[in-house]
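Structure first, commentary second.
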Amino acid sequence: MKFGTKAIHAGVEPDPTTGAIMTPIYQTSTYVQPSPAKHKGYAYARGANPTRTALQKSIAALENGKFGICFSSGMGATDTVIKMLKPGDEVITSNDLYGGSYRMFTRVYEKFGIKFHFLDLTKASNAEQHVNEKTKLFWLETPSNPLMRVIDIQALVVLAKKNNCLVAVDNTFASPFLQNPLDLGADIVMHSVTKYLSGHSDVIMGALVTNDEKLRDELAFITNSCGAVPGPQDCFLVLRGIKTLHLRMERHCQNGRKVAEFLRNHPKVGKVYWPGFPDHPNHEIAKKQMRDFGGMMSFELKVDKLENAVKLMESVKVFSLAESLGGVESLINHPASMTHASIPREERLKNGLTDTLIRLSVGVEDVDDLIEDLDQALKVA
Ligand SMILES: *Cc1c(COP(=O)(O)O)cnc(C)c1O
């Protein structure tokens, strides 16, 4: 089945009791059993819920995976992967990471004796220098947030496999429409479902997908033991959102390209970070492993003053100043004080994340209105 057909049909079957074409919201905490040792696959809703089961199948199919597990947030999904490790284990990850992942790794898990190496993974050789017999996991995020660096997933998978390490990829920015890490050899795909999969800025949710049954069993065991599961109402909303994922993504990509080109040609704009530009340092890898380049981008002002960037962000009218991304509406964000505020300033600057960097999540509105809005806000900046 092709992507658009899977987005609408995968995992979803008419309700067996009524024929309802839409999966019902099974708002229940428990299930009545005919006998103590017998049930229909559902015993208690932390373990399983039919609305969630349908969604898990849908997301797994979109990632060309066999097994999906949903969580009450993206961080809940990440947390479950890290809980497979034990004290003394080491993780290779990138230095341009979602702020919340960085915070979890350094402030929650380092004190449990897990060591994280934050490296520039756009060069696989940097990982080679730090991998050793204690390394158990490569945690990759590409395209990265907010600098839109692209990591060669396949090259890192080769290195990880040579060293018996698992590879997990945070595929939130690309969405399964643009990139499928399992096809490139990764063991686990993670999503903040909150973003493109849900697509309407009304749900917090996470997901993991894998093709490996043993891994699925281990991850499902931790999920059921620790309990970060989503409610059925949210699962229903995401099932609904996914039905238009391919349509939304096509428009995000079209609008993204036009906005990126507008910014690049604007006299007040400095660097524009978008992997679709042929002179983006990782453009060739992006072209190889992604189907298109998406609607996420960042830019700096030529006058590198925080007050100018703040003025711009206060002046937009169609864009909304807010955290998050991937919804139908366009958002503007200031990573240094918002999404990435938990990364120490020195660390941030060292990695190229300046005080005036502005991130855009280009939505699916009429692109002329988006460009006009940025144009008037840039006049004020
Ligand atoms: C938002 C986000 C997360 C965290 O997901 P939540 O659903 O907010 O918990 C992780 N990784 C990336 C790249 C994100 O954008």
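First listed ligand is number 1; within each ligand, the first listed atom is number 1.
Y26 has its ring centre no less than 6.0 Å from the ring centre of Y42. Ring pair Y196/H252: centre-to-centre distance below 6.0 Å. With ring centers used as reference points, H283 lies under 6.0 Å from F293.
Only the backbone of M205 comes within 4.0 Å of ligand 1, counting heavy atoms alone; no side-chain atom from C-beta on gets that close. Only side-chain heavy atoms of L325 come within less than 4.0 Å of ligand 1; its backbone N, CA, C and O stay farther off.
In terms of protein heavy-atom proximity, atom 7 (O) of ligand 1 is nearest to T194 OG1, 2.7 Å. Of all protein heavy atoms, the one lying nearest to atom 3 (C) of ligand 1 is Y98 CE2, 3.4 Å. In terms of protein heavy-atom proximity, atom 5 (O) of ligand 1 is closest to S192 OG, 3.0 Å. What sits closest to atom 13 (C) of ligand 1 on the protein, heavy atoms only, is D170 OD2, 3.4 Å. Ranking protein heavy atoms by distance to atom 1 (C) of ligand 1, first place goes to K195 NZ, 1.5 Å. For atom 6 (P) of ligand 1, the closest heavy atom belonging to the protein is G74 N, 3.3 Å.
Taking every non-hydrogen atom of E141 and a distance limit under 4.0 Å, the qualifying atoms of ligand 1 come out as 13 (C). Within ligand 1, the atoms closer than 4.0 Å to a non-hydrogen atom of S73 are 7 (O), 9 (O), numbered from 1 in the order shown.
A single hydrophobic cluster is not seen to contain both V81 and V169; linkage of ILVMFWY side chains at heavy-atom distances under 4.5 Å, directly or through other members, places them apart. A continuous path of Ile, Leu, Val, Met, Phe, Trp and Tyr side chains, each step under 4.5 Å between heavy atoms, connects I358 with L321, placing both in one hydrophobic cluster.
Considering backbone and side-chain atoms alike, M190 places every N or O at 3.5 Å or more from each N or O of ligand 1. Of the N or O atoms in I204, none lie within a sub-3.5 Å distance of an N or O in ligand 1.
Ring geometry for F3 against F177 counts as perpendicular: the plane angle is over 60°, on a 0 to 90° scale with 30° as the lower cut.
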Stepwise, does the side-chain contact (heavy atoms from CB on, under 4.5 Å) test hold for F173 with T142? CA-CA 7 Å; F173 262 42; T142 179; over 6 Å; no
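Looking only at side-chain heavy atoms (C-beta outward), L360 and L263 come within less than 4.5 Å of each other.
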